[in-house]
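Since we're looking at a predicted model, the values are computed, not measured. First the proteins, then the strands, lettered A, B, ... as listed; each starts at 1. Any value given below was found using the heavy atoms of this structure, including those in side chains, with hydrogens, waters and symmetry copies removed.
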Amino acid sequence: MADEKELRYDPATIEPKWQERWAADPTLYAADPHDSGKPKYYVLEMLPYPSGQLHMGHVRNYSIGDALARHMWMRGYNVLHPMGWDAFGLPAENAALKNNTPPREWTLSNIAAMKRQMQRLGLGYDWATEITTCLPDYYRWNQWFFLRMYERGLVYRKKSKVNWCPECATVLANEQVIDGRCWRHEDTIVELRDLEQWFFRITAYAQELLDGLDKLDGWPEKVRTMQRNWIGRSEGTEVDFTVEGGPEESSPAKIRVFTTRVDTIFGATSVQLAPEHAITAQFSSTDSVLKEKVAELLDEQKKARETGDIGAIEKHGAPTGRFAINPYNGKRVPIWVANYILADYGTGAIMSVPGHDARDFEFASKYGIPVRRVIAPADPQAEEPALPYLSEDGILINSGEYNGLTCDEAQQRLQHIAKEQAFGEATITFRLKDWGVSRQRYWGTPIPMIHCERDGIVPLPDDQLPVILPANIEITQTGGSPLSRVPEFVNVTCPKCGGPARRETDTMDTFVDSSWYFYRYVDAKNDVEPYAPAKAQHWFPIDQYIGGVEHAILHLIYSRFWTKVMRDLGMILNDEPAQRLFTQGMVIKDGAKMSKSKGNVVSPDDMVARYGADSTRMYALFAAPPDRDLDWQEDGVAGVSRFLGRVWRLTTRHAEAARSAKGQPLAETSGTSLKLLRKLHQTIAKITHDFAGRWHFNTCVAAIMELVNEVQAADAQLTSGEVPAPVIRELLTNLVLLLAPFAPYLSAELWEELGGEGAVLRASWPISNPALAKEDEIEVSVQSNGKLITVIRVPADADAKAIEVAALAEEKVKARIAGKTVVKVIVVPGKTVNLVVK
RNA sequence: GCGGAAGUGGUGAAAUGGCAAACACACCAGCCUUAGGAGCUGGCGCCCAAAAGGCUUAGGGGUUCAAGUCCCCUCUUCCGCACCA
């Protein structure tokens with residue numbers, strides 16, 4: 001054929017052509033500013049760190065979000081679909097060291113490169129709202145928020161034990177330490193150091209952050225569970241044990257312990273102090289042997305915490321020689337110091353109940369501390385259980401006047417008495433700690449605080465914002481903040497007294513940047529406030545947030561916190577940033593996570609160069625359901641590319657017929673036409689339904705393939721005119737519309753080819769006609785005792801009786817039940833007939 | 001140890017309790033050809049030479065007329081948490 005060449009699908013010419021056209025129309029992917037009564041839809045994908053290269057995880061994440069955004073546009077929503085750059089962070093400083101490129105330059109050129117990649121992929125973002133967190137017009141608002149939080153007592157400074165990564169040469173938040181190692185350097189063990197740090201009082205919202213999870217039913221249960229664990233609320237009781245012989249210089253009056261099982265207090269046979277507990281120091285101040293022992297225990301604990309290998313560490317302890325009195329029964333128990341007691345949880349001291357706590361049992365067994373049984377199973381017939389007996393469904397024994405109470409009752413009674421007699425109270429303890437945000441690094445948001453010799457810590461007035469990060473600075477790997485070596489930055493006058501003062505030289509954790517970035521998108525150019533509250537109130541909460549589950553704790557808990565702070569500042573009305581959260585699976589290759597060290601990285605650029613953006617994106621959606629891990633197989637991309645080729649040829653081949661039928665109504669159809677239209681409307685129904693709920697885009701793509709396979713099989717009838725032009729038009733235009741969320745380039749091209757008006761993105765999503773989608777004959781399986789005999793065809797509206805009759809009339813069925821008695825017939829219309837025979 | 005998710009052909013996978021393996025990849029056979037990472041036709045879970053037939057959703061038990069799907073036990077893999085008192 002002469003025009004065979006024309007019939008070749010060539011993404012390398014189609015895609016750049018459309019990319020150019022889209023770039024020339026900045027309103028195409030922009031939210032409608034006038035809004036014209038359309039319902040809003042805010043779809044957001046997590047912004048990337050500008051490493052310089054998109055990886056397949058990004059491609060997958062953004063293909064999912066873009067498909068959803070496009071679908072919602074076609075459904076007539078006013079869609080906000082923005083993108084930006086999480087542009088502060090250590091890699092820029094490392095790159096500066098390595099290549100002698102300033103962090104800013106390195107970052108901005110990476111952003112340019114990645115933006116090109118995104119545009120090449122055809123992702124539909126509104127670049128007018130793009131944000132870059134390392135630029136002053138963004139990070140000045142970090143500083144602004146810092147000051148607002150300082151005013152509200154949500155920012156404070158304290159000296160504390162912090163996680164120090166020697167590799168990063170800076171501190172890390174608790175959330176950034178994974179099994180005792182740096183989240184950026186898997187091989188680097190994090191040290192504990194004492195440093196003055198700035199903190200955000202996230203614990204002020206601990207309870208609300210926990211309670212809010214119950215209402216986030218659009219979030220994966222997994223993420224909610226992880227956050228619940230992280231917040232770690234535990235209800236318990238604090239009780240004072242009187243110290244025998246106190247108070248004197250080396251002996252305090254009492255030790256306050258924290259327990260969740262105050263009901264077991266009659267079984268307490270010792271009190272255990274953390275090595276770092278103030279009272280431990282008091283005791284050991286007059287006892288050099290103990291002092292040495294405590295140092296040893298502390299060392300063991302530190303090591304255990306640093307390696308994270310806590311389960312393997314052996315419990316050790318040392319008796320202090322002192323005794324404490326149990327306030328409930330006046331019993332005298334020895335006071336120990338133990339390496340498994342942490343100073344920064346609860347009160348840093350516990351009562352040890354070896355009979356009903358596994359850890360205490362292990363410890364007591366080792367040191368010969370008595371074990372007392374004080375809880376028995378509720379069922380008096382039950383055998384006496386082995387110790388330690390950990391169940392809370394029991395009743396008290398050996399507990400004086402409380403014998404016979406259930407654990408629950410006892411806890412309440414004992415708490416009440418502690419309160420009444422002022423030796424204790426019910427308390428709630430959280431595992432969540434305040435968020436340490438100081439970083440001794442250069443490439444981050446400067447903290448807007450001044451240290452004045454006279455006035456102490458002075459916040460910078462708003463009119464002195466932003467504090468600009470100095471540009472030309474020497475990056476070295478030596479400790480301490482690089483900013484402290486820039487005199488013009490450090491030396492300032494105190495805003496309060498005008499005297500000489502020093503500027504804070506720590507910068508903010510980069511998780512500050514990403515905690516509120518999605519609010520900035522709604523008003524990205526605002527230079528008087530972070531965003532106009534009215535705009536945020538219109539767009540929030542985010543309707544759909546999409547990203548990796550690796551952010552379940554860090555980013556997703558910080559941004560929930562930030563949202564609550566902004567709400568309390570009166571800037572927004574929503575309590576939570578995102579209504580629905582979707583966490584997509586990882587992209588793997590040959591069964592392993594893609595990584596440079598494994599050499600199994602597939603480059604998106606490569607895929608786009610070989611198969612085009614449409615094929616690459618569509619494969620990312622087709623190869624697995626979005627929530628599961630996806631194994632990248634290049635053959636699969638080739639397969640999708642071949643499929644798109646078939647679509648291209650099929651459509652171009654019949655485009656003229658389709659165009660010619662413009663404006664012509666669909667006549668009454670039958671035969672092949674009816675069959676094809678039926679399939680079309682079934683496909684529309686399936687895909688529309690999936691977008692609303694399941695998001696099984698893999699089966700959506702498969703459904704489109706089935707449709708194309710069927711239309712293509714009828715190619716001769718399309719050519720001969722047996723299938724009339726209006727039907728061809730109906731089939732092809734709808735096919736292109738269905739494809740639009742998944743293969744934007746090809747559908748734009750074919751939409752034009754079919755004579756479609758305007759952008760395909762502005763066309764209406766097709767509506768399934770149920771009457772057309774309905775089959776008039778369906779298949780029903782016939783089973784005997786659940787085993788398949790045959791399949792029969794019956795009219796779709798056949799009732800149970802008619803189906804039964806039809807089934808029993810089948811030769812195969814007759815043969816199978818010959819000589820047997822049909823005891824019962826179960827008919828599930830539309831599905832199956834099951835003959836129960838004997 | 002605790003909690004969660006998962007386990008289906010050679011591979012990725014599909015299946016509101018109702019015909020297991022849709023849709024693809026790979027492979028096999030054939031056709032075509034402007035030899036292209038092309039196109040078209042057919043085959044493709046396992047057992048059996050083939051057909052007939054039988055078997056089959058990690059393993060075992062159960063509920064049900066009917067189980068990949070629901071329940072119980074076991075195994076394996078992955079993820080999260082883990083001296084948090």
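Taking every side-chain heavy atom of A:R431 into account, B:rA82 is the closest of B:rA82, B:rC79, B:rG37. Closest contact between the side chain of A:K787 and the listed nucleotides B:rC65, B:rG39, B:rC55 involves B:rC55. Closest contact between the side chain of A:Q712 and the listed nucleotides B:rC40, B:rA15, B:rA85 involves B:rC40.
Only the P atoms considered, B:rG37 is 22 Å distant from B:rC31, to the nearest whole Å. Rounded to whole Å, the separation between the C1' atoms of B:rC70 and B:rC65 comes to 16 Å. Spacing between B:rC55 and B:rA38 at atom P, rounded to whole Å, works out to 42 Å. The gap from the C1' atom of B:rA22 to that of B:rG3 amounts to 35 Å, rounded to the nearest Å. Straight-line distance between the C1' atoms of B:rG7 and B:rA13: roughly 14 Å, to the nearest whole Å. Taking atom C1' in both B:rG9 and B:rG80, the straight-line distance is 32 Å, to the nearest Å.
Nucleotide B:rU63 is matched to nothing when pairs are restricted to Watson-Crick or G-U wobble geometry with both distances under 3.5 angstrom. B:rC40: Watson-Crick or G-U partner is B:rG30, with both key distances under 3.5 Å. The pairing partner recorded for B:rA15 is none, the criterion being a Watson-Crick or G-U wobble arrangement whose two distances lie under 3.5 angstrom. Across all strands shown, B:rA35 forms no Watson-Crick or G-U wobble pair with both key distances under 3.5 Å. As the counterpart of B:rA52, no nucleotide is assigned, since no Watson-Crick or G-U wobble pattern has both distances under 3.5 Å. Partner assigned to B:rC78 is B:rG4, using Watson-Crick or G-U wobble distances below 3.5 angstrom. Using the Watson-Crick or G-U wobble rule with both distances under 3.5 Å, B:rC25 pairs with B:rG10.
Looking at heavy-atom distances under 4.0 Å, A:Q227 makes no contact with the nucleic acid at all. A:F643 comes within 4.0 angstrom of nothing in the nucleic acid, heavy atoms only. Using a 4.0 Å heavy-atom cutoff across all strands shown, A:L835 reaches no nucleic acid atom at all. Nucleic acid contact class of A:D360 (heavy atoms, under 4.0 Å, all strands): none. A:D635 comes within 4.0 angstrom of sugar-phosphate atoms only, judged by non-hydrogen atoms across all strands, and of no base. Within 4.0 Å (heavy atoms only), A:G346 reaches no atom of the nucleic acid at all. Using a 4.0 Å heavy-atom cutoff across all strands shown, A:V828 reaches at least one base atom of the nucleic acid. Note on A:L342: a base of the nucleic acid sits closer than 4.0 angstrom, heavy atoms only. Residue-level contact check: A:D344 touches neither bases nor backbone, having no heavy atom under 4.0 Å from any strand. In this structure, A:Q272 reaches neither bases nor backbone, as no heavy-atom distance under 4.0 Å exists between it and the strands shown.
Few gaps surround NZ on A:K366; more than 12 heavy atoms of other groups in view lie less than 6.0 Å from it.
Considering only side-chain N and O atoms, A:R694 lies under 4.0 angstrom from the phosphate OP1 or OP2 of B:rA15. Under 4.0 angstrom from either OP1 or OP2 of B:rA26 there lies at least one side-chain N or O belonging to A:R642. Side-chain N/O atoms of A:S234 include one lying less than 4.0 angstrom from OP1 or OP2 on B:rA85.
For a distance-only test at 3.5 Å, the side chain of A:E362 fails to qualify as a donor-acceptor partner of the base of B:rC83. Within 3.5 Å, a donor on the side chain of A:K315 pairs with an acceptor on the base of B:rC83, or the reverse. Residue-to-nucleotide contacts include no donor-acceptor pair under 3.5 Å from the side chain of A:N229 to the base of B:rC81.
For A:E235 and A:R233, the salt-bridge test passes: some basic side-chain N is under 4.0 Å from an acidic carboxylate O. Electrostatic pairing of A:K801 and A:D799 does not count as a salt bridge here, judged by no charged N lying under 4.0 Å from a carboxylate O.
Where A:A638 and A:R628 meet RNA chain B, the nucleotide closest to each residue was compared, and A:R628 sits on the side nearer the 5' end.
A cation-pi arrangement, defined by a distance under 6.0 Å to the six-membered ring centre and an angle within 45 degrees of its axis, is present between A:K315 and A:Y340.
Separation of atoms CD (A:E15) and CG (A:L746) is listed at 8.5 Å; rounding is to 0.5 Å.
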